[in-house]
Amino acid sequence: EETDAAHDEL
Amino acid sequence: MNIFRLAGDMTHLASVLVLLLKIHTIKSCAGVSLKTQELYAIVFATRYLDIFTSFYSIYNTLMKLIFLGSSFSIVWYMRYHKTVRRTYDREQDTFRHWFLVLPCLLLALLIHEKFTFLEVLWTFSLYLEAVAILPQLVLLQRTRNIDNLTGQYVFLLGGYRGFYILNWIYRYLTEPHFVHWITWIAGLVQTLLYADFFYYYFQSWKNNKKLQLPA
């Protein structure tokens, strides 16, 4: 699914 | 991915490796706050729950595993390793860190981007990470003289969030709609908490004398 950019950080 | 974020992740990785190195090689955790390590284990456990549900990149998943593994193994060393646990100064590390967990949980239930289980826990982990260093800073104030590795650990840990702030500025400027006030404010508060430590760290580094924090 579309991975929201908010959680692509560690 | 941008250079600021990569620098932040590498600095963060270096901080946990410095700590693991210290504990593993000299079999001592003197000066290290178990409370802060436990808070960090909770931070990573609640932040990386999405490791099973969403995949961003090999790098992202690998780093999550490293941070989870290192934080839990540091807690294990300090609690159960027969030699290391004896060097833990339990009398000094008395910060009631559970008083940090509850307010962060309540705040996450009140202020979040989406009211879902994963999102609330993720937000909780952000708030908790912002204050997780407090027991360690209090312990450093008490034990006063800081050995190099512990000083480097705190310095790198503070530096990583500083790089992340540059990363958020960069992403805000280059990516439309990249606005995450909760992350930004929590990250800023976290970095500010290190401010006085950084000040004394640079003072000691400049005058080339042992790092002493004022009582």
Side-chain angles (χ1 to χ4, degrees), chain A, chain B residues 1-2 4-6 8-13 16 43-44 47-51 53-57 59-68 71 112-114 116 118-119 121-123 125-126 129 160-161 163-165 167-168 170-172 174-184 186-187:
Chain A
E1 86 286 4
E2 193 268 324
T3 51
D4 52 341
H7 295 0
D8 65 349
E9 295 182 346
L10 291 169
Chain B
M1 174 61 81
N2 59 67
F4 303 111
R5 193 164 124 212
L6 187 62
D9 290 341
M10 291 306 111
T11 307
H12 193 191
L13 181 65
V16 289
V43 165
F44 291 132
R47 184 171 307 175
Y48 298 154
L49 289 172
D50 64 350
I51 198 168
T53 56
S54 52
F55 176 80
Y56 297 98
S57 66
Y59 170 81
N60 186 272
T61 304
L62 183 66
M63 292 296 278
K64 285 175 178 175
L65 292 172
I66 291 173
F67 285 136
L68 282 166
S71 58
H112 42 259
E113 285 188 7
K114 282 181 297 185
T116 64
L118 277 183
E119 183 70 22
L121 281 185
W122 185 80
T123 312
S125 82
L126 273 182
E129 186 189 1
Y160 119 79
R161 221 54 180 157
F163 278 123
Y164 254 74
I165 290 175
N167 152 64
W168 292 325
Y170 177 85
R171 290 189 76 175
Y172 173 74
T174 54
E175 293 173 31
H177 318 306
F178 186 82
V179 177
H180 295 288
W181 287 108
I182 292 175
T183 309
W184 297 346

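Naming: A, B, ... by sequence-line order, numbering from 1 per chain.
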Fill in: Considering all heavy atoms, the nearest A:L10-B:F67 contact
CD1-CE1, 4.0 Å
Worksheet item: Is there a donor-acceptor pair closer than 3.5 Å between any side-chain N or O of B:N60 and the backbone N or O of A:D8?
Response: yes
Item to complete: Indicate the atoms forming the closest heavy-atom contact of B:Y164 with A:E9, along with that distance.
Response: CE2-OE1, 3.7 Å
Discussion item. Other residues, nucleotides and ligands only: do more than 12 of their heavy atoms fall within 6.0 Å of OH on B:Y59?
Written reply: yes
Discussion item. To the closest 0.5 Å, what do you measure between CZ (B:R47) and NE2 (A:H7)?
Written reply: 10.0 Å
Item to complete: Would you mind checking which part of B:D9 comes under 4.5 Å of any heavy atom in chain A, side chain (CB onward), backbone (N, CA, C, O), both or neither?
Response: side chain
Worksheet item: Non-hydrogen atoms of chain A under 4.5 Å away: do they reach the side chain of B:F44, the backbone, both or neither?
Response: neither
